[in-house]
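Data first, discussion second: the structure below is written as structure tokens.
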Amino acid sequence: MTELWRLSATELAARVRARDVSAAEAARDALARLDAANPAINAVVAHSAEQTMAEAAAVDAALALGEDPGPMAGVPVTIKVNVDQKGWATTNGLRIQRGLVAEHDNPVVSNLRRAGAVVLGRTNTPAFSLRWFTRNSLHGHTRNPRDPSLTPGGSSGGAAAAVAAGIGAVAHGTDIAGSIRYPAYACGVHGLRPTPGRVAAFNASGPERAIGAQLTAVSGPIARTVADLRLALAAMARPDPRDPWWVPAPLEGPPAPKRAALCASPDGMAVQAPVAAALRDAARRLEAAGWIVEEAPNPPPLAEPARLQLMLWLAEMRRGVGAAVAREADPDATAVYGCMERLCPEPDFHAFQDGLQRRAGLVREWLLFLERFPIALMPVSGEPPFRDNSDVESFAAFERIMAAQLPQVGLPLLGLPGLAVATGLEGAVPLGVQLVAGRYREDLLLAAGEAIEAGGVPPAPIDPEPV
């Protein structure tokens, strides 16, 4: 029999729904893959084989009764440890939260289960989900399965590493400043940051999120095929009254011209040669699929949104998270938080309000641009994936990384969706591009992503190097 863990979510769900294989067989195969691959990368930091098999049995029971178990029937998925999953600690990579056991599923988890997905385990994140690297004092260090000298990304580093290694076909991630898009890029898979309000989310285990996070933070899928992102997004996007920001927007919008803007160096940011080559290659793939791609040397700003995003984020973190960083005493989080404070002086109330006010004008500029060019093609980062944990080497290293991550930090303030598409490898180093579209036009991102994917070799699960 084919190793089921190698199948895409779309293929596996079709086989389970057709009863060619059982959800139980898929779950056993996924658990065996977890046991084989996870010790080398530490992507999944908590799981229960018994619970996974029970969820798979429920899918098979529904099929036996002639019921529809859902479009993701039997697909093994992973959940990031910063969202509630009933009976498990919502640690967010923190020792001070290891006793924070959820009493209810986050809507993301509920909706995946309603779609027939089977939860395989919970994936690692840096402390406070604060970095583009994944290491913490509670769960340890997650490694990139393609090259352990590179970061697996963050904060959804465990999620992307798991998918890249074949531990689950789909991973849940969260993104407030690149935490889905960058790990997907670093691990050579695909990651979708949906529009805020597209995917319902809520952690009953903690307080309400601050307004900046409510405006910018999202949950979304990471997968090895764009078709799997489409499948997972449809499952995640179902309504849930616990999230007042959820919007009943259709998953398919009106037709739009197949026109893309190549934004090769947004705001004049430095872009290294391999990244530039990946962008040109993606543009050629789009053109081969019938898209018109035009160079856009002066797209709307990203540096100003990035500065305001950091200001709003830190203004809120200083109200309580800073004290929690001191209590947690995680060396990485302490260093990164200190660097962020150095980069962003504390605003007064008027500056905070001015930032929120300016946001509307910046969003308007981008929406008008995306009327002309329904897709913007830009870097995920100005550099190939960073050397692991290089952000904590010095303040100068942190500043360089922040500059390279401009497309990651600038996008969330605008409330726009973004898709990181893997385009290939340079040696063992993954490369990719980012696509941006208008609000609730994830369908355009996925269509363009499929065109880029079809022009290359889709990512396949890999065997990480042994410990």
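Only heavy atoms go into these numbers, but all of them, side chains included; no hydrogens, no water, no symmetry mates. Here the structure is a predicted model, which is why all the values come from computation and not from measurement.
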inquiry  = Is it true that N203 and R209 share a donor-acceptor pair across their side chains at a distance under 3.5 Å?
reply    = no

task = Report yes or no: do D84 and S205 form a side-chain donor-acceptor pair below 3.5 Å?
result = yes

key: Donor-acceptor contact present, side-chain E383 to main-chain Q272, <3.5 Å   = no

Report, one line per pair, each donor and acceptor closer than 3.5 Å where one atom sits in a side chain of residues 408-435; sequence neighbours left out.
| from | atom 1 | to | atom 2 | distance (Å) |
| --- | --- | --- | --- | --- |
| Q408 | OE1 | Y182 | N | 3.3 |
| Q408 | NE2 | V380 | O | 2.8 |
| T423 | OG1 | L431 | O | 3.3 |
| Q434 | OE1 | R181 | NH1 | 2.7 |
| Q434 | NE2 | P379 | O | 3.1 |

inquiry  = Quick one about E442 and T195 (side-chain donor to acceptor, distance below 3.5 Å, no hydrogens or angles considered), yes or no?
reply    = yes

ask   = Is the closest side-chain donor-acceptor distance between D388 and N144 under 3.5 Å?
value = no

ask   = Can S137 and D330 be counted as having a side-chain donor-acceptor contact under 3.5 angstrom?
value = yes

task = In plain terms, say whether D391 and R400 are close enough for a salt bridge, that is, a side-chain N and a carboxylate O under 4.0 Å apart.
result = no

Close side-chain approach of L31 and H47, heavy atoms under 4.5 Å = yes

query = Can H139 and T91 be counted as having a side-chain donor-acceptor contact under 3.5 angstrom?
reply = yes

key: Side-chain (S156) to main-chain (S179) donor-acceptor, under 3.5 angstrom   = yes

request  = Examine distances only and state if a side-chain atom of R98 and a backbone atom of T90 form a donor-acceptor pair shorter than 3.5 Å.
outcome  = no

ask   = Does R441 CZ have over 12 foreign heavy atoms under 6.0 Å away?
value = yes

inquiry  = So that I can tick it off, tell me whether E295 and R280 are bridged by a salt bridge, with the cut-off set at under 4.0 angstrom between side-chain N and carboxylate O.
reply    = yes

inquiry  = Is it the case that the side chain of D175 and the backbone of R193 share a donor-acceptor pair, with hydrogens and angles ignored and the cut-off at 3.5 Å?
reply    = no

inquiry  = Looking only at the side chains, is there a donor atom on one of S219 and H172 sitting less than 3.5 Å from an acceptor on the other?
reply    = yes

Show the atom names and distances, to 0.1 Å, of all donor-acceptor pairs under 3.5 Å that link a side chain in residues 348-357 to residues at least two apart or in another chain.
| from | atom 1 | to | atom 2 | distance (Å) |
| --- | --- | --- | --- | --- |
| D348 | OD1 | H350 | N | 3.2 |
| D348 | OD1 | A351 | N | 2.7 |

inquiry  = Please tell me whether K80 and S155 have a donor and an acceptor in their side chains that are separated by less than 3.5 angstrom.
reply    = yes

message = Quick check: do R342 and E399 have side-chain heavy atoms less than 4.5 Å from each other?
response = no

inquiry  = Any carboxylate oxygen within less than 4.0 angstrom of a Lys/Arg side-chain nitrogen, looking at D228 and R224?
reply    = no

